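Please read the structure below before turning to the comments.
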Amino acid sequence: MKSRPIITAGLVCAAVAGLAVWIIHARLFGHWLQVHTGTVNEPGPYYGFWSGFGSDLTEFGIIGAIATGVYQLVKKYNCHYPRCWRVGNHPAADGQFSLCYRHHPDYQGKKPTQELIQRLHREHMERQAAILARLPGVHEHLAAKAGDNGVPGPGAPTAQADRSGNT
Ligand SMILES: [Zn+2]
């Protein structure tokens, strides 16, 4: 926390010092810059570098970017089980994991069969129906509590509301 102003001041001082040196030796530095960016003395010592190995530097950057993209795609789509290289397109734990059929707990290491698909679908529909059936009851319960408390709309249950609701 305290070192941050010191670092900032140091950087500012270094920048000012660099600028002063640059202005004092403007001609010398200008020549140095021309040689090192290859705008003067073309067949000089750096010509071979920039027309040879140096011209490939951007390609290394592009190859690196492509490799990073491929790596991220693999990390996104491959199975989350350690050291598994299959495509993980079966979500588990409410989408927290993407797993292949071999590592998904519902499939028990086998490819999902017609029977398993139909059973899991039926169970899912039953769960949804049960949740939907309970919703109106929950709403009425909250409305009743709010009415007892004298507060319009569903509010947080208080000790008064709990007592009157139980009796
Ligand atoms: Zn897997």
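Every number for a ligand or one of its atoms is a count from 1 in the order of the listing. Values in this document were obtained by computation on a predicted structure and should not be read as measured data. Note that the numbering runs from 1 along the sequence shown for the chain.
By the ring-ring contact (aromatic ring centres under 6.0 Å, His included) test, Y101 is found to be paired with no residue, residues two or more places apart in sequence or in another chain being considered. Taking Y81 as the reference, H103 meet the ring-ring contact (aromatic ring centres under 6.0 Å, His included) condition, with sequence neighbours excluded. The side-chain hydrogen bond (donor to acceptor under 3.5 Å, both in side chains) check on R119 picks up E123, with sequence neighbours excluded.
The side chain to side chain contact (heavy atoms under 4.5 Å, CB included) with Y107 is formed by just one residue from the set L120, T113, I117; it is L120.
Using a 4.5 Å cut-off between side-chain heavy atoms of Ile, Leu, Val, Met, Phe, Trp and Tyr, with links allowed through other members, I66 and V74 fall into the same hydrophobic cluster.
Around the Zn ion (ligand 1), the protein N, O or S atoms found under 2.8 Å comprise C79 SG, C84 SG, C100 SG, H103 ND1.
Between the CG atom in N78 and the CG atom in L73 there is a gap of 11.0 Å [rounded to 0.5 Å].
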